[in-house]
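A short write-up of the structure that comes next.
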Number of protein chains: 2
Amino acid sequence: MNRHQKEKADEASGQGRPTLKTLAFMTGLGVTTVSRALKDAPEIGAETRRRVQLVAKQIGYRPNRAGVRLRTGKTNVISLVLNTEHEIMSFVSDIIYGVSEVIADTPYHLIVTPYSRSQDPLDPIRYLVETGSADGVIISRTQPNDPRARYMLERGIPFATHGRTDMGLIHPYHDFDNYAFAAEAVRHLAGLGRRRLALLAPPVELTYHGHTLAGFADALSEVGASEIPFNTVSIDHSIEQIRMRTAQLMRRENRPDGFISSAAAATLAIVAGIEDAGLKLGRDVDVVSKQSSELLHLFRSELLVVNENFRLAGAELARSVLGWIGGAAPGTLQSLSEPGEVQAYRRPA
Amino acid sequence: MNRHQKEKADEASGQGRPTLKTLAFMTGLGVTTVSRALKDAPEIGAETRRRVQLVAKQIGYRPNRAGVRLRTGKTNVISLVLNTEHEIMSFVSDIIYGVSEVIADTPYHLIVTPYSRSQDPLDPIRYLVETGSADGVIISRTQPNDPRARYMLERGIPFATHGRTDMGLIHPYHDFDNYAFAAEAVRHLAGLGRRRLALLAPPVELTYHGHTLAGFADALSEVGASEIPFNTVSIDHSIEQIRMRTAQLMRRENRPDGFISSAAAATLAIVAGIEDAGLKLGRDVDVVSKQSSELLHLFRSELLVVNENFRLAGAELARSVLGWIGGAAPGTLQSLSEPGEVQAYRRPA
DNA sequence: GTGACAATCTGTAACGTTTCAGTATATAGC
DNA sequence: GCTATATACTGAAACGTTACAGATTGTCAC
C-alpha cells in the first residue's frame, strides 16, 4: 500500500457520513464502479452489484444531494408556489399533504416558494427557473392566459397547474370540474323549487371563474331558472364585504331564493348576510356551497354542500409533475376531478 | 493569451448562468478574489470590491447553492416538520406564511418535511440531521420530554419548537400562553355567572395540555367555580366523537354551564353536541373558544372567542431559528404570546 | 540599498458526484 | 498462438464554491 492509497484509506474510514469513497474503500472497488453499481448499470457484474448494494444499505449510505446537484443539475426538489395572501385556510395544508404523500418515497423534497400580492406572480417562477432551484413546479390560481405556464413551457421546465389554462398549449394540470359543480348546484336548487339564483363566483381573472359561470348559465337555461346578478363580489373578497353585499341583495325586491357559493369561508359570510336581512336559510333561500372539509353542516344544518378534495388535488399535481420529469407526455398528465352529489345534511346516528 | 487562458475565456463568456468564473473573466480578476470581494472580505481593495459587486449585480449573478453547500455544508434551508394527520386547517398555512415572511429576504428556502401518525416523530428529524439537509428545523406538537428536541440539542443543530418543553434544557421556542388563555376564559365565564365548567383540552402528551389545565384549575379555585370533567376526548378527536361526548355530557344531571375549547374546529363539534341535547348557546351554556381565523362569530354569534395568531407564531419561530444559526444564545430566542381579551360578538355596522 | 511588512491579489485543492475515455482480463474465432 | 471482442472494472476531470498557502507589489525604516 503506497502513500496515496493509505491516505484514501484513512479518509474513507473516517467516522463522517459515508460517501462513495467510503464504499469504494470498504468494497475494495473504485468510486466509479460503486457509483454505477448503485444505479444498477449493466456493465457491472451481478455479484459486485449485489455486494455494493448490500454494504451501502448496511452502513446507511445516502447520496449527497449537493454532490449530485452540482454534477448533474438535478435538484430533486419540487416547488409549490403559493400566494401568501389569497391562499387561505385548509386549502394549502391539504395540498401540501397531498404532495407530500406522493413524493414521500421518492428522493424529492418539497419546497414552498411564496409570493405576495404586491409582486408579479412571474417573479417566483423566474427565480426558480433562473437559479435552477427545482426540477418541477406546481402553481395555482391559474389563469386562462397564464404567463407563468407560458414561461415555463418556453424554458422547458416541468410543471403542473392547479386549474386549467386556455392558451392552446398543452401542459399537465389537475382541476376540479367547476362547470359540473355549478350546473349540479343549479339543478339541485331548481329541484327544490328555487327559481332566482345568485352565484358567488371565483375572481374573474382565474380560469375556473369562466367554468363556473358557464355551468351556472347552461343549467339555468336548462331548468328555466333565472340569474340574480351578484358579481360585485367574489370569493376573494373579505368576509365583511361579502356579508354586506349579500344583506343588501337580500333586502331588494327581486332577491334570490337560491345561492351558489364557490368557497366555504364565503358561504359563512353569505349566510350571515342572509340572516342580517332577517331571512331564514332553508325557508326563504337555499345555499349550495363547495367545501374542502366537512364542517359546513355543523355551521347550519340547512346548508347544501359539495366536497372538493384538495389533498387529492395535491397528490394528482405531484404525480403529474413527477410524470413529466420522468419523461411522460404532458398531454397524458391531465386530470379532472368530478364533484360528488349535492349533499343535504344527515343527522349523525 | 496562451491556450489555457483562452479556454477559460471561452467558457466564461458562454451564455449559461454566470458563475464566479464568469465574473473573474469579466473583471480580469481571479475567482478567489471575486469570491472574497462579494462577501466584503477586508483584504480586497475597496475599489475592486465595488467593481466586482457592480458587475455581479449587473449580470444577475447568484451563487450556485449546490456549490456552496458542497463546499461549506451550509444548506440555506429551514425545514418545517409537520404531522400529516393532526395538523389540520389553517394552522399550517398560517405558520408557513409566517415563516415565509421572515425568510423572504434571506437566502433561505423553506422545505416541508412531513411525517405520518404511523411513524416515529423522530424519524424525519433523524433524516434531516443525518443527511445534513437543513441548517435549522422547526417542530410543533412539542412534548414536555421531547425526544426530538433532545436529539437536536445533542447534535448541535439549531431548531425552534412551537410550544415549550420541560426537560430543564434550554432551546428557542415560541408558545401561546395557554395558561393565561384558560384562566381568562374561566374568569370570563365566571363573570357571566357560570359555575360548572368543562374543558376540552389539547391531547395529554403535548406540553400545552398541562399549561391549559393549570390555568383552568388555578382560575377555577380563584373564582370558586367547579370543574365538570370532560377528559374522555381532546381536540385531536374527531368532530363526531367530540359532538357525541358533548351531547352525552349535556344530557346528564350535573351538566356544565360553561365550556372552554382549545381549538376552533372542536368548538363546532361542541356546539353541535350542545344543540343535539336540546340546549341553547348563551342561555343554557356559554362557550369560550380559541380561534385562529375570525370565523367563529359567524358560526354562532353567542360564541366567546380568543384569537391565536399562527402567522405570528411562524414568524417568531423562523426568527428564532435564524437567530440561533446566526450565533445568538438559544436562551434569548424564546417568546410567549399573550392572549387578547375574551371577545364577545359585536355586530358589524 | 536592504529587509520587513502590509496590502492586494492568485492558484490549487477539496467537498461528492457522474461522465468520459480508457485498461485489464477472459472468451471466442480461426 | 494469434487477433478480435465482450466483460468488468478504473482514474481523471468537471460541476461551483471556499480555504489554504502563497505570490507580487509598494512603502517605510534604517
Side-chain angles (χ1 to χ4, degrees), chain A residues 2 4-5 7-8 10-12 14 16-52 56 59-76 107 130-133, chain B residues 2 4-5 7-8 10-12 14 16-52 56 59-76 107 130-133:
Chain A
N2 64 28
H4 190 52
Q5 282 176 328
E7 268 177 19
K8 274 162 117 185
D10 283 352
E11 289 172 33
R17 200 177 141 199
T19 69
L20 288 181
K21 204 147 104 189
T22 321
L23 285 177
F25 175 68
M26 295 181 76
T27 55
L29 297 161
V31 245
T32 306
T33 310
V34 173
S35 172
R36 296 171 81 66
L38 287 176
K39 35 181 62 68
D40 278 323
E43 63 267 48
I44 302 295
E47 197 208 307
T48 306
R49 221 153 47 197
R50 275 200 308 276
R51 198 159 61 89
V52 171
I59 66 172
Y61 167 77
R62 307 238 193 195
N64 178 305
R65 310 192 118 232
V68 175
R69 181 164 167 179
L70 183 58
R71 180 63 235 244
T72 64
K74 181 136 211 284
T75 61
N76 285 309
E130 280 170 10
T131 62
S133 291
Chain B
N2 63 28
H4 190 52
Q5 283 175 327
E7 269 177 20
K8 275 161 120 185
D10 284 352
E11 289 170 34
R17 199 176 141 200
T19 68
L20 287 181
K21 203 148 104 188
T22 321
L23 285 177
F25 175 65
M26 295 181 75
T27 55
L29 297 162
V31 240
T32 305
T33 310
V34 173
S35 171
R36 298 176 77 68
L38 287 176
K39 35 179 63 67
D40 279 321
E43 62 267 50
I44 303 297
E47 197 208 306
T48 306
R49 222 152 49 192
R50 275 199 308 276
R51 199 158 61 87
V52 170
I59 66 172
Y61 167 77
R62 308 237 191 197
N64 179 306
R65 309 192 119 233
V68 175
R69 180 163 168 179
L70 182 57
R71 180 64 236 245
T72 64
K74 180 135 212 282
T75 61
N76 283 310
E130 280 171 11
T131 63
S133 290

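Values below: every heavy atom of this structure, side chains too, minus hydrogens, waters and symmetry copies. So that the names make sense, note that chain A is the first sequence line, chain B the second, and so on, each numbered from 1.
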Pairs under 3.5 Å (N/O, protein and nucleotides 23-25 of chain C):
none

Find every protein N or O atom lying less than 3.5 Å from an N or O atom of nucleotides 18-24 of chain D, and list the pairs.
residue	atom	partner	partner atom	Å
D/dT18	OP1	B/Lys39	NZ	2.7
D/dT18	OP2	B/Ser35	OG	2.7
D/dT18	OP2	B/Lys39	NZ	3.3
D/dT18	O2	B/Arg71	NH1	2.0
D/dA19	O4'	B/Arg71	NH2	3.4
D/dA19	N6	B/Thr32	OG1	3.2

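- For the pair B/Leu38 CG and D/dG16 P, the interatomic distance rounds to 15 Å; values are reported in whole Å.
- Summarising the geometry of B/Gly60 relative to B/Pro18, their closest heavy-atom pair is O-CG, 4.1 Å, with the distance given to 0.1 Å.
- Distance A/Arg65 CZ to C/dT17 P: 13 Å, rounded to the nearest Å.
- When the side-chain nitrogen and oxygen atoms of A/Thr19 are compared with OP1 and OP2 of C/dC15, none of them lie within a distance under 4.0 Å.
- Remark: C1' of D/dA8 and CZ of A/Arg51 are 13 Å apart, rounded to the nearest angstrom.
- Sequence order on DNA chain C of the closest nucleotides to A/Arg62 and B/Val34 puts B/Val34 first from the 5' end.
- At a threshold of 4.0 angstrom between heavy atoms, the contacts of A/Gly67 include nucleobase atoms, whether or not backbone atoms are also involved.
- With rounding to whole Å, A/Leu70 atom CG is found 17 Å from D/dA13 atom P.
- If you check D/dC15, D/dC9, C/dT10 against the side chain of B/Lys21, the one that comes closest is D/dC15.
- One end of the helix from C/dG1-D/dC30 to C/dC30-D/dG1 points its axis 60° away from the other end's axis, with each axis taken from 5 pairs and the angle rounded to 10°.
- Using a 4.5 Å cut-off on side-chain heavy atoms (C-beta onward), B/Ser133 and B/Arg69 make contact.
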